[in-house]
Amino acid sequence: MFKAKIYVNYKPSVLDPKAEAIKTALTRMNHQNVQDVRYGKYFELLLQGDDEAAVRAQVEEICDQLLANVNMETYRFDLEVA
Amino acid sequence: MRAAVITFPGSNCDEDLQWALAHVCGIPADLVPASQETLAGYDAVFLPGGFSYGDYLRSGAIARFSPIMTAVQDFAAAGGFVVGICNGFQILTEAGLLPGALQWNTSLHFICAPAPLTVVNTATAFSNHYADMESVTLPIAHGEGSYYADPATLAELEANHQVVFRYQDNPNGSIHDIAGITNRAGNVLGMMPHPERAVEALLGGTDGRGVFYSLLNATKGAAAHVAG
């Protein structure tokens with residue numbers, strides 16, 4: 001059994017208006033030193049299986065096809081034995 | 001010509017689209033549930049606006065895996081005409097039938113307003129009824145309508161004249177003012193503005209009819225070609 005911790009975020013080239021709104025709020029809170037905000041998604045999947053390479057390939061497929069839109073987002077994940 | 005209008009769970013422009021097609025433009029149109037697996041007998045398929053599957057994860061991300069979408073992929077691959085409006089456009093990008101993606105409006109506001117557009121390519125099955133560079137006004141109603149494509153994709157779109165409609169006064173931050181595009185082959189259209197909401201003078205204008213009449217021209221041409 002494996003646990004995949006998956007992080008999805010916009011590509012740096014994509015303007016994210018929600019992250020900009022958060023940054024504006026932080027500036028209003030006087031956190032003037034906050035230079036950049038990235039606002040992404042986090043997923044945890046629990047997967048049955050013994051073959052780490054196979055599970056890793058499966059998680060990549062899941063990310064490519066559903067959890068991330070690779071046209072505008074990137075992802076990375078950590079795989080832990082669970 | 002007979003059209004299918006796909007009803008996804010959460011679609012809310014399907015009946016408007018059917019009305020525009022059938023009652024206003026004289027194109028017989030059936031509502032086809034997203035659970036169905038075949039599109040046999042149709043000349044064009046429409047993916048309507050709305051909030052399919054609650055827009056969970058991303059707009060269109062879940063709808064893209066509906067049973068009907070395998071048939072839509074096959075239909076498009078065989079050269080059939082596919083039109084995605086608003087949420088339908090989002091579904092087509094998620095499904096990989098159109099390049100790019102729709103991101104949140106830069107203002108973060110849901111915008112419901114008439115949008116002046118320029119028809120920048122009239123050599124398509126969806127725009128041949130318009131005059132070159134014609135100004136038309138169609139309503140927009142979306143929160144996630146800011147079109148994004150990476151620089152390479154954008155260059156390809158422009159080089160191949162795949163942009164059909166551009167905003168005159170960019171309301172949502174779309175790159176290159178893009179409001180509607182086709183695929184490379186020219187048989188799949190995606191657009192954020194709603195032509196089906198601009199088909200009757202009583203309701204504010206008839207500029208949207210051109211999209212449906214264009215398709216009627218295109219399918220007549222195809223039928224004549226096959227017959228001849």
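Here is how names work: the chains are called A, B, and so on, in the same order as the sequence lines, proteins then strands, and each is numbered from 1.
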Of the non-hydrogen atoms in B:Trp104 and A:Pro17, which two are nearest, and what is the gap between them? O-CG, 3.7 Å
In Å and rounded to the nearest 0.5 Å, what is the CG to CG distance from B:Leu102 to A:Asn69? 9.5 Å
Just checking heavy atoms, which of residues 160-194 of chain B are less than 4.5 Å from chain A? none
For residues B:Thr106 and A:Leu15, report the shortest heavy-atom separation together with the two atoms involved. CG2-CD2, 3.7 Å
For A:Tyr39, I'd like to know if atom OH has over 12 heavy atoms of other residues, nucleotides or ligands within 6.0 Å. no
Per-residue contact mode, B:Thr153 against chain A (heavy atom under 4.5 angstrom): neither
For A:Gln48, is the CD atom crowded, meaning more than 12 foreign heavy atoms sit under 6.0 Å from it? no
With a 4.5 angstrom heavy-atom cut-off, is it the side chain or the backbone of A:Gln65 that approaches chain B, or both, or neither? both
Does atom CG of A:Asp78 have more than 12 heavy-atom neighbours from other groups under 6.0 Å away? yes
Of the listed A:Met72, A:Lys11, A:Lys18, the one with the largest count of heavy-atom pairs under 4.5 Å with chain B is A:Lys18
Locate the shortest heavy-atom distance separating B:Gln103 from A:Val14; write the atom from each residue and the value. NE2-CG1, 3.7 Å
For the pair B:Arg64 (side chain) and A:Leu66 (backbone), establish whether a donor and an acceptor sit closer than 3.5 Å, ignoring hydrogens and angles. no
Whether over 12 other heavy atoms sit under 6.0 Å from B:Phe65 CZ: yes
Step through the shown structure and confirm whether more than 12 heavy atoms of other residues, nucleotides or ligands are within 6.0 Å of CD on B:Glu15. no
Would you list the pairs meeting ring pair (Phe, Tyr, Trp, His ring centres under 6.0 Å) in which at least one residue belongs to residues 4-24 of chain A, sequence neighbours left out? A:Tyr7-A:Tyr42
Under the 3.5 angstrom rule, does the side chain of A:Asn71 hit a backbone N or O of B:Ala101 as a donor-acceptor pair? no
